[in-house]
Amino acid sequence: MKPCTIGRMTVERHREIVTRFAPSPTGHLHVGGARTALFNWAFARKRGGTFVLRIEDTDVARSSVQSTLGILEDMRWLGLDWDEGPSLPSARDADESLFDPETQKGEHGPYFQSERGHLYREALDRLLESGRAYKCFKTAEELDALRKKARAEGKAYQYDPTDALSMSRQEVARREAAGEPFVIRFRMPDRDIVVDDLILGQVRIKRNELEDFVIVKSSRAGGGPTFHFANVVDDAAMGITHVLRAQEHLMNTPKHVALFEALDIAPPRYAHMPLIFNSDGSKMSKRDKAKAARAAARQAGLKEVPGIDQPLFDEFMAKKNDDLLVAAAIAAKLELTLPEIDVFDFRRSGYLPWTLLNYLSLLGWSPGNDIERFGLDFLVEHFDLSRVGKANARFDRAKLLAFNTDAIAELDAATFQRMLSEHLRAFHPEYDQLRGEVERFALFAESYRPRSRTLEEPAINGRFFVIEDSALVYDAKAVRKVLLKYDGRGLALLGPLHDALAAHEPWEADSLEKAIADFAADRGVNLGDVAQPLRVAVSGGTVSPPINHTLVILGKGSTLARIKLAMDRAPAMGE
RNA sequence: GACCCCUUCGUCUAGCCUGGUCCAGGACAUCAGGUUUUCAUCCUGAAAACACGGGUUCGAAUCCCGUAGGGGUCGCCA
């Protein structure tokens with residue numbers, strides 16, 4: 001690859017592989033983006049190359065620092081480290097105030113496009129000088145009308161450069177001086193363009209399918225470089241050798257290749273990956289969350305939701321907007337989990353980062369044998385573009401969950417406890433106190449470890465452990481089935497059980513198990529006939545860790561208090 | 001609509017390049033049993049696919065052509 005000179009920068013990275021992940025900071029990191037990042041990362045790591053992270057914030061209106069931070073944090077959580085790019089604050093918690101865009105690693109920065117204007121300007125000058133770029137005064141409205149007209153006539157629309165190209169220098173200068181807005185377009189070469197894709201093979205795009213596209217927006221739209229232009233200039237300036245991106249970019253590639261050639265720089269190799277869809281074949285988008293929330297709200301007959309202005313809510317329900325804040329508020333109110341779309345969603349739902357990555361790697365890639373469960377080290381060792389498929393894939397949450405179940409089963413006690421604690425700290429402040437009680441929390445974690453498929457499940461299922469005794473809510477169905485059925489056989493056991501337990505010491509798992517078993521044996525009933533009523537009495541429902549562990553985590557005081565509470569409330573809960 | 005990409009069990013895929021060992025293998029899901037004091041696990045088994053049509057060949061999931069279906073793109077968004 002010959003050296004590239006843009007600005008004062010000369011990039012010469014001999015035979016080294018350089019890949020990049022270049023998200024635009026307009027929201028959270030999407031799983032599709034995560035897979036793109038993963039493949040670029042794995043490809044670079046496998047070949048001993050460099051992985052660059054570049055923030056494409058050319059769309060000033062939609063980009064934000066919070067999004068940038070969120071994406072960096074998601075990348076960090078996933079364990080995808082980059083060799084060059086912005087630095088993440090070292091704090092465990094991403095704190096916006098600690099984030100300094102000036103801090104970065106690598107020598108090809110800045111890694112924010114918003115700070116690379118001089119490079120685009122210089123490249124533009126070169127194109128303007130060589131006649132490969134020209135000014136066009138057609139407004140967006142005019143072009144829109146032309147597109148509509150072509151469509152109405154059933155014809156394919158394509159930009160016609162005749163007017164702009166035939167305009168005299170004087171005329172251009174006059175209109176420019178008069179302050180008329182214009183865009184700058186790239187003059188496509190007069191020939192077909194062949195993209196030699198590492199996954200798809202050769203793809204030929206005919207000259208008449210290609211049009212002179214905009215590389216610099218008009219002053220009305222901020223006057224900055226378009227994605228195509230900034231992307232190419234940066235890939236050149238950063239010495240990117242391989243561009244791995246989603247197939248939706250395939251039709252952009254001829255433009256990019258032509259741009260590289262016009263700048264007299266060898267283009268990188270391209271590899272277009274298949275897309276990821278929902279299990280029903282629809283596009284995985286933020287709208288899914290809005291859709292799910294709307295459906296749930298409708299079913300629950302929700303007419304308003306705390307924290308959201310009524311007009312906004314009404315519009316949301318009328319499908320006038322897909323505001324995620326409204327969706328989140330509905331989800332919180334109805335206690336439902338919205339479909340996970342972003343990396344952060346999966347994190348909040350309690351998936352392990354390497355499990356998500358493992359699953360994601362299988363969407364479009366396969367190691368070629370029957371091995372499916374593996375970690376990043378395996379991926380780095382075996383990843384290869386030749387084994388990336390061409391067909392789109394559907395995201396199957398059930399399979400991800402199965403992977404996560406196994407991954408959690410493989411964690412040792414200490415690791416699970418640490419990860420659970422971290423998860424609860426981030427998403428469930430109601431567990432703060434329990435987390436602080438070392439021994440009790442260790443037992444809590446150890447009780448849930450073998451029965452959790454995600455880090456979120458202990459938080460949901462164990463909630464009865466962290467509420468006031470008096471706040472315990474009894475599930476009517478459970479009370480009827482376990483305590484009241486058969487003439488209150490279960491309920492009748494609670495009194496003597498209370499007394500037996502009140503007299504029991506010490507309050508620890510083994511002796512409690514024995515005590516409960518003895519209690520059952522004395523009455524000639526099965527262990528389950530005692531355990532279930534006791535479980536309902538102390539937890540409010542039929543599901544909890546083994547009963548002896550449940551009692552130890554709860555403590556003697558709460559156990560006895562709750563048994564009394566059950567004896568008190570259950571009789572009134574019949575039909 | 002035009003251009004481009006794709007097509008193996010419900011889903012993700014192995015096999016395809018280098019035709020026979022494939023009446024197609026694995027995983028998840030499903031169904032049926034079993035273990036377990038609840039739950040979550042776990043164990044055993046079953047059902048389940050080469051989109052269709054033509055061609056090449058002794059022989060095609062594998063090569064070629066066509067058809068159908070799916071997807072992507074067609075922005076001063078990235």
Side-chain angles (χ1 to χ4, degrees), chain A residues 22-24 26 56-59 61-62 136 138-140 143-144 147 150-151 154-158 181-185 195 197 199-201 203-206 208-211 213-224 226-228 230-231 246-252 254 272 274-275 277 279 281 283 359 362-373 386 389-403 405-406 408-409 448 450-453 457 461 478 482 513 516-517 520 526-532 534-536 539 541-548 550:
Chain A
S24 61
T26 55
E56 306 218 330
D57 56 350
T58 50
D59 189 334
R62 295 201 302 148
C136 163
K138 283 247 188 328
T139 63
L143 293 172
D144 232 37
R147 276 187 205 105
R151 193 179 187 87
K155 280 188 254 173
Y157 167 81
Q158 194 179 60
F182 61 89
V183 300
I184 297 176
R185 285 180 185 268
V195 176
D197 191 274
I199 292 169
L200 299 173
V203 180
R204 171 180 292 268
I205 312 295
K206 296 206 180 53
N208 59 13
E209 297 296 332
L210 270 11
E211 65 173 12
F213 58 96
V214 175
I215 55 175
V216 177
K217 303 172 196 173
S218 78
S219 54
R220 292 204 301 182
T226 59
F227 153 73
H228 303 295
N231 192 266
Q247 245 173 55
E248 64 194 29
H249 283 294
L250 184 59
M251 288 301 132
N252 290 329
H272 289 92
L275 271 18
F277 292 98
S279 50
K283 207 166 177 172
Y359 178 70
L362 257 14
L363 260 25
W365 179 79
S366 146
N369 40 38
D370 289 336
I371 298 175
E372 275 199 318
R373 317 296 181 96
S386 68
K390 305 176 181 181
N392 296 336
R394 296 178 183 212
F395 194 98
D396 182 2
R397 289 191 178 74
K399 186 157 179 171
L400 205 217
L401 182 59
F403 274 39
T405 304
D406 290 354
I408 284 192
Y448 276 106
R451 64 197 77 248
S452 294
R453 301 178 298 179
E457 286 185 345
N461 300 329
V482 178
E513 181 174 28
I516 295 167
N526 292 324
L527 180 57
D529 295 329
V530 177
Q532 276 310 80
L534 186 51
R535 177 170 278 123
V536 171
S539 77
T542 54
V543 178
S544 88
I547 193 63
N548 56 330
T550 299

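Note that the structure is predicted; figures quoted are calculated from it, not measured. A note on names: the letters A, B, ... follow the listed sequences, proteins ahead of strands, and every chain is numbered from 1.
When side chains are defined from C-beta on, A:D396 does not count as touching A:S279, because their heavy atoms never get closer than 4.5 Å. Using a 4.5 Å heavy-atom cutoff, the side chains of A:L200 and A:Q247 are in contact.
Residue side chain A:E372 reaches the base of B:G26 through a donor-acceptor N/O pair under 3.5 Å, judged by distance alone.
Across all strands, A:A531 comes closer than 4.0 Å to base atoms (heavy-atom distances). Base contact: A:A140 has a heavy atom under 4.0 Å from a base atom. Residue-level contact check: A:G223 touches neither bases nor backbone, having no heavy atom under 4.0 Å from any strand. Using a 4.0 Å heavy-atom distance criterion, A:H228 is classed as a base contact. Counting non-hydrogen atoms under 4.0 angstrom, A:P274 reaches nothing in the nucleic acid. Among the protein residues, A:V183 comes within range of the nucleic acid bases, having at least one heavy atom under 4.0 Å from a base atom. Using a 4.0 Å heavy-atom cutoff across all strands shown, A:P23 reaches no nucleic acid atom at all. Looking at heavy-atom distances under 4.0 Å, A:N208 makes no contact with the nucleic acid at all. No engagement by A:R151 is indicated, since no non-hydrogen atom pair under 4.0 Å with the nucleic acid exists.
The CZ atom of A:F403 sits 4.5 Å away from the CZ atom of A:R373 when rounded to the nearest 0.5 Å.
Checking B:A29, B:A78, B:C5 against every side-chain atom of A:V203, the shortest atom distance belongs to B:C5. In the set B:U37, B:U11, B:G72, the nucleotide with an atom closest to the side chain of A:M251 is B:G72. In this structure, of B:C12, B:C4, B:A78, it is B:C12 that holds the atom nearest to the side chain of A:R394. With B:A78, B:C76, B:C5 as the choices, the nucleotide that has an atom nearest any side-chain atom of A:S218 turns out to be B:C76. Listed nucleotides B:U38, B:C28, B:C76 differ in distance to A:D396; the shortest reach to its side chain belongs to B:C28. Relative to the side chain of A:T226, the nucleotides B:C28, B:C76, B:U37 differ in distance, and B:C76 lies closest.
Closest heavy-atom contact between A:N548 and A:E513: ND2-CB, 3.6 Å. In plain terms, the two heavy atoms of A:N231 and A:E56 that are nearest each other are ND2-OE2, 3.1 Å. Nearest heavy atom pair, residue A:A246 against residue A:H272, reads O-CD2, 3.5 Å.
In this structure, CG of A:N392 is placed 11 Å from P of B:U8, rounded to the nearest angstrom. Note: CD1 (A:I215) to C1' (B:C77) measures 17 Å, nearest angstrom. We find that CZ of A:F213 is positioned 15 Å from C1' of B:U73, with the value rounded to whole Å. Atom CG of A:D59 and atom P of B:A78 are 5 Å apart (whole Å). Atom NZ of A:K390 is separated from atom P of B:G15 by 13 Å (rounded to the nearest Å). Distance, A:I547 CD1 to B:C39 C1': 12 Å, rounded to whole Å. Rounded to an integer number of Å, the gap from CG of A:L363 to P of B:C28 is 16 Å. Rounded to whole angstrom, the span from the CG atom of A:L200 across to the P atom of B:C4 amounts to 13 Å.
Here A:K399 does not reach the OP1 or OP2 of B:U11: none of its side-chain N or O atoms lies under 4.0 Å away. OP1 or OP2 of B:C77 sits under 4.0 Å from a side-chain N or O of A:K217. Distances shown here put a side-chain N or O of A:R147 below 4.0 Å from the OP1 or OP2 atom of B:C76. Considering only side-chain N and O atoms, A:T58 lies under 4.0 angstrom from the phosphate OP1 or OP2 of B:A78. A:R453 has a side-chain polar atom (N or O) that falls below the 4.0 Å cut-off from OP1 or OP2 of B:U41. The side chain of A:R373 contributes an N or O atom lying less than 4.0 Å from OP1 or OP2 of B:C28.
B:U57 is unpaired under the criterion used here, namely a Watson-Crick or G-U wobble arrangement in which both key atom distances are under 3.5 Å. Judged by Watson-Crick or G-U wobble contacts below 3.5 Å, the nucleotide B:C42 has B:G34 as its partner. B:A2 and B:U73 make up a base pair, with Watson-Crick or G-U wobble contacts both under 3.5 Å. Pair assignment for B:C23: none, as no Watson-Crick or G-U wobble contacts are both less than 3.5 Å.
Residues A:Y359 and A:E513 both approach RNA chain B. Their nearest nucleotides, taken by heavy-atom distance, put A:Y359 toward the 5′ side. Between A:R204 and A:Q532, it is A:R204 whose nearest contact on RNA chain B lies nearer the 5' terminus.
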Go through the steps to decide whether A:T58 and A:T226 satisfy the test side-chain contact (heavy atoms from CB on, under 4.5 Å), and finish with yes or no.
-> CA-CA 7 Å; A:T58 50; A:T226 59; over 6 Å; no
Under the side-chain contact (heavy atoms from CB on, under 4.5 Å) rule, what do A:I205 and A:M251 come out as? Steps first, then yes or no, please.
-> CA-CA 8 Å; A:I205 312 295; A:M251 288 301 132; 3.8 Å; yes
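Residues satisfying the salt bridge (charged side-chain N to carboxylate O under 4.0 Å, His left out) criterion with A:D59, sequence neighbours excluded, are A:R62. When the ring pair (Phe, Tyr, Trp, His ring centres under 6.0 Å) test is applied to A:H249, the partners found at least two apart in sequence or on another chain are A:F227.
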Using the 3.5 Å cut-off, write out each protein N or O paired with an N or O of nucleotides 17-23 of chain B and the distance between them.
none

